[in-house]
Amino acid sequence: MRADYDALNKSIAALTEGEDDVVALMATVVCEVHHADDRFDWTGFYRVVGPELLKIGPYQGGHGCLVIPFSRGVCGAAARTGEVQLIADVDAFPDHIACASSTRSEIVLPVWNRTGELLAVLDIDSDQPDAFTQDDAVSLRTILDQVFAK
Ligand code: SME
């Protein structure tokens with residue numbers, strides 16, 4: 001099953017209407033996103049908990065590493081640069097942190113609040129090589145901005 005991002009956008013908007021608790025919003029987003037697409041084998045947030053430091057938040061899938069400094073991994077790169085990381089082959093990413101040996105490709109997006117503060121990054125792993133597209137990046141960005149930057 002491939003994500004229908006229009007439908008996903010609408011369902012997440014309905015489920016999160018009126019809610020401003022960030023943990024509740026994150027838990028709802030990862031649940032809906034994770035189960036929307038067979039490519040997504042791990043879906044989760046890493047929250048900004050201190051200067052240059054990420055800590056795991058709500059996620060779906062196997063256990064993830066708990067703490068990631070901005071200096072490390074694909075998640076750290078997204079947090080450090082503020083740019084989406086679209087990784088076709090994680091083995092080709094020099095400092096990839098492998099929470100699961102089965103991961104082949106990954107997408108990580110920065111998450112900002114309405115004042116432009118970096119809240120977290122959203123990390124999605126796939127066991128399929130080159131699983132993610134620019135359309136995924138644009139559509140996920142729309143969902144994240146709708147939920148966290150409204
Ligand atoms: N692969 C990520 C680490 C998080 S685990 O995949 C859930 C990274 O390189 O930052």
Side-chain angles (χ1 to χ4, degrees), residues 1-50 52-62 64-65 68 70 72-90 92-93 95-97 99-100 102-150:
M1 170 178 62
R2 193 99 176 192
D4 173 344
Y5 281 114
D6 287 341
L8 188 57
N9 217 330
K10 289 184 175 75
S11 70
I12 289 174
L15 289 166
T16 60
E17 186 177 2
E19 184 54 65
D20 62 4
D21 179 87
V22 172
V23 174
L25 293 172
M26 287 181 171
T28 304
V29 169
V30 291
C31 177
E32 293 301 299
V33 170
H34 186 72
H35 294 291
D37 198 304
D38 294 339
R39 293 172 294 160
F40 304 168
D41 295 297
W42 194 94
T43 308
F45 286 96
Y46 279 88
R47 299 162 298 123
V48 178
V49 296
E52 312 280 307
L53 190 63
L54 296 167
K55 192 163 281 191
I56 202 163
Y59 68 93
Q60 301 263 328
C65 56
I68 302 176
F70 280 30
R72 295 226 39 228
V74 184
C75 292
R80 196 170 60 241
T81 65
E83 293 172 6
V84 177
Q85 305 294 311
L86 194 49
I87 310 300
D89 175 5
V90 295
F93 189 90
D95 188 29
H96 172 251
I97 301 169
C99 294
S102 57
T103 299
R104 291 291 169 268
S105 58
E106 185 165 3
I107 186 170
V108 183
L109 300 94
V111 183
W112 296 285
N113 65 14
R114 63 172 168 267
T115 65
E117 177 192 11
L118 185 69
L119 283 179
V121 297
L122 174 65
D123 179 17
I124 307 178
D125 295 342
S126 182
D127 294 349
Q128 301 171 32
D130 199 11
F132 303 101
T133 67
Q134 274 301 330
D135 178 58
D136 292 307
V138 170
S139 300
L140 290 165
R141 170 88 276 134
T142 299
I143 290 170
L144 293 170
D145 289 348
Q146 164 194 288
V147 174
F148 296 99
K150 62 191 175 208

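Values below: all heavy atoms of this structure, side chains included; hydrogens, waters and symmetry mates excluded. In what follows, residues are counted from 1 in the order of the sequence shown.
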Would you say [X]'s side chain and [Y]'s backbone share a donor-acceptor pair under 3.5 angstrom?
{"X": "D145", "Y": "A149", "result": "no"}
{"X": "R80", "Y": "E52", "result": "no"}
{"X": "Y46", "Y": "C65", "result": "yes"}
{"X": "D41", "Y": "D127", "result": "yes"}
{"X": "S105", "Y": "Q128", "result": "yes"}
{"X": "R47", "Y": "I56", "result": "yes"}

What's the spacing between [X] [atom1] and [Y] [atom2] if we round to 0.5 Å?
{"X": "L8", "Y": "I143", "atom1": "CG", "atom2": "CD1", "value": "4.0 Å"}
{"X": "C99", "Y": "E106", "atom1": "SG", "atom2": "CD", "value": "8.0 Å"}
{"X": "M26", "Y": "C31", "atom1": "CE", "atom2": "SG", "value": "15.0 Å"}
{"X": "H34", "Y": "R39", "atom1": "NE2", "atom2": "CZ", "value": "13.0 Å"}

ask   = Could you walk me through whether L140 and I124 pass the side-chain contact (heavy atoms from CB on, under 4.5 Å) check?
value = CA-CA 10 Å; L140 290 165; I124 307 178; 3.7 Å; yes

ask   = According to the interplanar angle, ranging from 0 to 90°, do the rings of F132 and F40 count as parallel (below 30°), tilted (30 to 60°) or perpendicular (above 60°)?
value = parallel

How about [X] and [Y]: do any of their side-chain heavy atoms sit closer than 4.5 Å?
{"X": "E32", "Y": "L15", "result": "yes"}
{"X": "I12", "Y": "V33", "result": "yes"}
{"X": "L122", "Y": "F148", "result": "no"}
{"X": "W42", "Y": "S102", "result": "no"}

What's the shortest heavy-atom distance between [X] and [Y], and which atoms?
{"X": "D37", "Y": "A3", "value": "OD2-N, 2.8 Å"}
{"X": "V121", "Y": "P110", "value": "CG1-CA, 4.2 Å"}
{"X": "Y59", "Y": "G64", "value": "OH-N, 3.8 Å"}
{"X": "P129", "Y": "R104", "value": "N-CB, 3.7 Å"}
{"X": "A79", "Y": "L54", "value": "CB-CD1, 4.1 Å"}
{"X": "I107", "Y": "L86", "value": "CD1-CD1, 3.6 Å"}

request  = Might you work through the side-chain contact (heavy atoms from CB on, under 4.5 Å) test for D135 and Y5, ending with a clear yes or no?
outcome  = CA-CA 9 Å; D135 178 58; Y5 281 114; 4.0 Å; yes

inquiry  = Tell me which one of L144, D123, D136 satisfies side chain to side chain contact (heavy atoms under 4.5 Å, CB included) with L109.
reply    =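 Only one option passes, and that is L144.
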
Residue list, side-chain hydrogen bond (donor to acceptor under 3.5 Å, both in side chains) with Q60, at least two apart or on another chain =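 side-chain hydrogen bond (donor to acceptor under 3.5 Å, both in side chains) check on Q60 returns H35.
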
Pairs flagged by side-chain hydrogen bond (donor to acceptor under 3.5 Å, both in side chains) wherever residues 8-28 is involved - sequence neighbours left out =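 Output for this query lists N9-Q146.
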
